[in-house]
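Okay, structure first, notes after.
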Amino acid sequence: MAFPPGISGVLSINLSALRRNYRAMAALAPGATIAGVVKANGYGLGAEAVALALSREGCRQFFVAHLDEAIALKTCLPPDATIFVLNGLQPGSEGAAAAGGIVPVINSVGQLARWAQVATASGRILPAALQIDTGMARLGLAPDDLDGLELPPQVDIGLVLSHLASADEPGNGQSEAQLAVFERVTARFAGIPVSLANSAGALRHARFHKTVIRAGIALYGMAPSERVVGLDIAVIQTRAVPAGTAIGYGGSFVAPQAMRLATLAAGYADGLPRALSNCGAVFFEGERLPIVGRVSMDSVMVDIGRLGPGALVEGSLVQLIGPDQSLEAVALAANTIPYEILTRLGSRYHRVLL
Ligand SMILES: *Cc1c(COP(=O)(O)O)cnc(C)c1O
């Protein structure tokens, strides 16, 4: 594939794989509807491209974090798509949410009252989702808030949801405890769709599937799903240095012997965690090339001693994420999670949609 000159790297986003991951999730949970979670610019991949790809698979429910994200997406999705705003209904945003046809996830009794007011004032029945905090202490009404709460008839609650705090930890019983609370509080919402599972919840057990699964990371290629993202970074200089050479900011790595190095055109401003300093690696033709010295803002050095002289030249591409090194492996090396790697992917790469 020919790329434009001077690019810092190639970020490839395999939308076909994303669509297969959506289908796989649907097959795993045949009784449930699969909603796409496309917050944070579609986990860094591009919200519009991702949401459109999912809509081609029949996805009609989308979750974002903020009203702005919802309004931006609304125009590019089919008119029958529903966009939920997970972070709730912020004071002053009610009019824009109502006018934009956005469905707020109501997270407090106060938000419910304000949404009901807007509905009354406009003479409409407004749609909403209702979030219950079943044990994460992040967002949503406490189960006690529901006791004696009268649901305003001008608010049409089309979904009741909660979020699991520890679904990705197999031995952790918190999910089962949350499920019990969720089933108790949703008993009063007979006939209304309910949603508890994110990706890990859906993979954990069918008990968590409920009516709607809110799938994020499993669509974006975290194992066991098919890989969606590839990232190759351009070499911008190579050099040979003698033993004793201090490499990078602070001289945190000193060459123990003569070395050959390549400088790559991406740094922490492009989402390469600074925590990869002196511990991460890239790959070239199957060879592991360790990062030496600190990750800079726009560049990073790697040890290319295992490659033959001339194997890498200015403009060569080396792999950070791909067949030789998974997203999970990069996250692990940086002591973080794949979500953080994806959502911080920089905007300076040449993006290729497959
Ligand atoms: C981000 C988020 C999801 C998606 O989680 P994944 O682990 O990426 O599947 C689902 N529900 C809520 C409330 C979220 O905040």
Side-chain angles (χ1 to χ4, degrees), residues 32-39 60-67 69-71 74 81-122 124-165 167 175 177-198 201-202 207-216:
T33 301
I34 314 300
V37 180
V38 296
K39 61 194 180 188
R60 285 295 176 273
Q61 295 182 317
F62 298 87
F63 286 86
V64 293
H66 303 287
L67 180 61
E69 296 178 294
I71 288 172
K74 186 74 183 171
T82 303
I83 308 177
F84 297 94
V85 175
L86 286 165
N87 276 8
L89 187 66
Q90 304 314 309
S93 74
E94 300 86 354
I102 306 302
V103 182
V105 173
I106 298 293
N107 285 324
S108 69
V109 174
Q111 290 180 12
L112 183 63
R114 282 192 277 111
W115 197 229
Q117 257 169 26
V118 175
T120 305
S122 60
R124 294 167 59 193
I125 291 183
L126 289 175
L130 192 66
Q131 178 158 224
I132 315 292
D133 172 39
T134 54
M136 185 172 180
R138 186 175 72 169
L139 288 169
L141 285 79
D144 286 354
D145 290 340
L146 291 171
D147 294 341
L149 178 71
E150 277 192 41
L151 296 171
Q154 64 275 41
V155 173
D156 174 23
I157 294 173
L159 184 70
V160 179
L161 66 117
S162 188
H163 191 51
L164 297 169
S175 301
Q178 288 191 260
L179 175 65
V181 175
F182 189 65
E183 291 184 340
R184 181 168 57 74
V185 296
T186 52
R188 81 175 259 191
F189 296 97
I192 297 180
V194 291
S195 173
L196 180 59
N198 64 342
R207 281 196 302 277
F208 297 96
H209 290 176
K210 302 299 177 190
T211 335
V212 177
I213 289 168
R214 307 182 308 273

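Quick caveat, the model's predicted, so the values are computed rather than measured.
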Nearest atoms (heavy-atom pairs only) where His66 meets Asn87 | CE1-ND2, 3.4 Å
Mind running side chain to side chain contact (heavy atoms under 4.5 Å, CB included) on Gln90 and Leu67 for me, showing each step along the way?
-> CA-CA 9 Å; Gln90 304 314 309; Leu67 180 61; over 6 Å; no
Do Phe189 and Leu151 come within less than 4.5 Å of each other through their side chains, counting heavy atoms only?
-> yes
What residue pairs, at least two apart or across chains, pass salt bridge (charged side-chain N to carboxylate O under 4.0 Å, His left out) with a residue in residues 141-156?
-> none
Of the non-hydrogen atoms in His209 and Ala202, which two are nearest, and what is the gap between them?
-> NE2-O, 2.8 Å
State, with a plain yes or no, whether a side-chain heavy atom of Val64 is found less than 4.5 Å away from one of Val85.
-> yes
Rounded to the nearest 0.5 Å, the CG atom of Leu159 sits from the OG1 atom of Thr82 at a distance of 9.5 Å
To the nearest 0.5 Å, atom CG of Leu112 lies from atom CD of Gln117 at 10.5 Å
About how many Å separate CG of Leu164 and OG of Ser175, when rounded to the nearest 0.5 Å?
-> 4.5 Å
Give a yes or no on whether the backbone of Ser195 and the side-chain of Thr211 come within a donor-acceptor separation of less than 3.5 Å.
-> no
Can you tell me how far CG of Leu126 sits from CG of Leu89, rounded to the nearest 0.5 angstrom?
-> 9.5 Å
Which atom pair, heavy atoms only, marks the closest approach of Gly201 to Ala197?
-> C-CB, 3.7 Å
Please check if the side chain of Trp115 supplies one atom and the backbone of Gln154 the other of a donor-acceptor pair under 3.5 Å.
-> no
Supply the atom-to-atom distance Lys210 NZ to Leu161 CG, rounded to the nearest 0.5 angstrom.
-> 13.5 Å
Value for CD (Gln131) from CG (Asn107), rounded to nearest 0.5 Å, stands at 5.0 Å
Considering non-hydrogen atoms only, spot the tightest contact between Val160 and Phe182 and give its length.
-> O-CZ, 3.6 Å
Considering all heavy atoms, the nearest Arg188-Leu146 contact | NH1-O, 2.7 Å
Would you call Lys39 and Phe63 a side-chain contact if the rule is heavy atoms closer than 4.5 Å?
-> no
Any Arg214 side-chain heavy atom under 4.5 Å of His163 side chain | yes
Can you run down the salt bridge (charged side-chain N to carboxylate O under 4.0 Å, His left out) pairs that involve residues 88-117, sequence neighbours left out, and say none if there aren't any?
-> Glu94-Arg114
Taking all non-hydrogen atoms of both residues, which atom of Ala128 and which atom of Val103 are closest, and how far apart?
-> CA-CG1, 3.6 Å
Find out whether Leu141 and Val185 are in side-chain contact, i.e. whether some heavy atom of one side chain is under 4.5 Å from a heavy atom of the other.
-> no
Residue pair Lys74 / Ile83, side-chain heavy-atom distance below 4.5 Å = yes
Using side-chain contact (heavy atoms from CB on, under 4.5 Å) as the criterion, point out the one residue from Ile34, Leu196, Asn198 that pairs with Ile213.
-> Ile34
